[in-house]
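Every chain is numbered from 1, with letters handed out A, B, ... down the list of sequences. These figures come from a predicted structure and were not determined experimentally.
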2 protein chains.
Amino acid sequence: MQKLSENMEDYLETIHALSREKGVARVSEIAEKMDVKSPSVNAAMKNLADRDLVIHEKYGYVTLTPQGQKLAAAVQEKHDVLYRFLTEFLMISPEQADQEACSIEHAISEETFDRFVKFFKFLENSARTQKPRLLRNLETYLKTGKKVTCECERA
Amino acid sequence: MQKLSENMEDYLETIHALSREKGVARVSEIAEKMDVKSPSVNAAMKNLADRDLVIHEKYGYVTLTPQGQKLAAAVQEKHDVLYRFLTEFLMISPEQADQEACSIEHAISEETFDRFVKFFKFLENSARTQKPRLLRNLETYLKTGKKVTCECERA
DNA sequence: AAGCATTGTTAGTCTAGGCTAACATCCGGG
DNA sequence: CCCGGATGTTAGCCTAGACTAACAATGCTT
């Protein structure tokens with residue numbers, strides 16, 4: 001099985017999101033959400049159906065197969081972690097973070113994502129236990145460019 | 001001027017690298033480094049020359065215009081920071097880090113990159129001043145999955 | 001139950017960016 | 001000088017993934 005293209009991953013992700021939001025996914029909704037026209041969606045559904053990632057009955061709904069589910073969930077998970085990193089630690093606006101997570105999510109290997117998740121949890125943990133030191137220092141630094149040495153270091 | 005595609009950014013980056021490594025960039029070298037055939041390079045050079053990003057004399061060398069330089073340097077900078085983050089903090093192997101930096105570099109906006117650089121410097125600074133606490137804890141965590149609360153917090 | 005708006009599908013076209021095969025130019029060695 | 005191999009270019013083709021225009025199915029509304 002050939003690796004999925006970024007575009008096809010995006011389709012899966014969108015179907016996944018729609019299914020969770022509205023229960024089902026329809027061609028027109030997918031088109032609208034992805035800002036493409038319905039014939040493009042149609043072609044993509046044919047592609048994904050051929051790979052057994054979706055089921056698309058003529059003039060009917062689109063649903064993910066278990067395989068498609070799994071892939072979509074993996075992409076979604078990357079999206080979510082990236083989004084949280086961008087908003088919580090880089091303080092990017094929600095809209096922009098969402099958009100960028102959407103690009104970056106396709107560029108990251110499983111291996112790297114796995115480590116990044118750990119890294120992220122570590123940061124969050126530090127932010128919690130050292131609160132508000134580490135995070136506040138970072139925030140100050142991001143805003144002012146001034147380095148703040150850790151208080152516990154100076155002590 | 002239309003935004004550059006990822007592929008064209010890659011061409012610029014490769015020309016930039018070759019120019020620095022060997023002084024000049026030739027079609028065959030670009031092709032080899034990017035693992036494409038020379039007619040593809042040719043088409044890309046025509047594209048980039050039309051945008052005034054490179055100069056490509058017939059049967060001759062390829063050089064970056066000042067504009068091309070600037071763009072290439074920006075891409076390169078993203079690559080470098082990402083590479084360092086991946087190797088130093090996520091402990092990804094040099095080869096894989098290089099490869100992934102190559103994908104991720106195209107997916108990041110100027111805004112986000114800017115903040116990420118600050119974030120990265122902050123991390124490096126913490127790693128230096130708190131050495132070896134923060135980094136060692138992260139390393140332990142990445143390897144074992146065990147969370148380690150900051151020593152200065154427990155004190 | 002029929003008609004029409006909505007929705008989905010098909011056919012055909014376009015662009016980016018690959019490729020191969022064939023042709024053109026360049027340059028070093030005889 | 002000139003010839004052959006290396007290098008560069010052109011022409012023509014392919015695929016992914018978008019689009020428009022035209023056609024088909026569905027289903028709500030009366």
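Ion pairing between a basic and an acidic side chain is recognised when a charged N comes within 4.0 Å of a carboxylate O; B:Asp80 and B:Arg84 show no such pairing.
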Using a cut-off of 4.0 Å between protein heavy atoms and nucleotide atoms, how would you tag nucleotides 14-20 of chain C 5' to 3' with B, S and -?
---SSBB
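If you measure from atom CD of A:Glu32 to atom P of C:dT7, you get 10 Å, rounded to the nearest angstrom. One interatomic measurement links the two molecules: CG of A:Asp50 to P of D:dA16, which rounds to 11 Å at whole-angstrom precision. Rounding to whole angstrom units, CD of residue A:Glu9 and P of D:dA16 are separated by 16 Å. Atom pair A:Asp10:CG and D:dG17:C1' shows a separation of 12 Å (rounding to whole Å applied). B:Glu57 has its CD atom 15 Å from the C1' atom of C:dT25, to the nearest Å. A:Gln2 has its CD atom 12 Å from the C1' atom of D:dA16, to the nearest Å. Straight-line distance from the CZ atom of B:Arg26 to the C1' atom of D:dT9: 16 Å, rounded to whole Å. If you measure from atom NZ of A:Lys58 to atom C1' of C:dT7, you get 14 Å, rounded to the nearest angstrom.
Between the side chain of A:Arg51 and the backbone N or O of A:Lys46, no donor-acceptor pair lies under 3.5 Å. For B:Thr65 (side chain) and B:Asp52 (main-chain N/O), a donor-acceptor pair under 3.5 Å exists by modelled atom type. A distance-only check finds no donor-acceptor pair linking the side chain of B:Arg26 to the backbone of B:Tyr61 [under 3.5 Å].
Checked against A:Lys78 for a salt bridge (Lys or Arg N to Asp or Glu O under 4.0 Å), the options A:Glu110, A:Glu13, A:Glu9, A:Glu105 give a single hit: A:Glu110.
Interatomic distance, B:Phe119 CZ to A:Phe85 CZ, rounded to the nearest 0.5 Å: 4.0 Å.
The side chain of B:Ser28 places no N or O atom within less than 4.0 Å of a non-bridging phosphate oxygen (OP1 or OP2) of D:dA6. Under 4.0 angstrom from either OP1 or OP2 of D:dT9 there lies at least one side-chain N or O belonging to B:Asn42. Under 4.0 angstrom from either OP1 or OP2 of C:dT9 there lies at least one side-chain N or O belonging to A:His56.
A:Ile108 has its side chain within reach of A:Leu82: a pair of non-hydrogen atoms, C-beta onward, lies under 4.5 Å apart.
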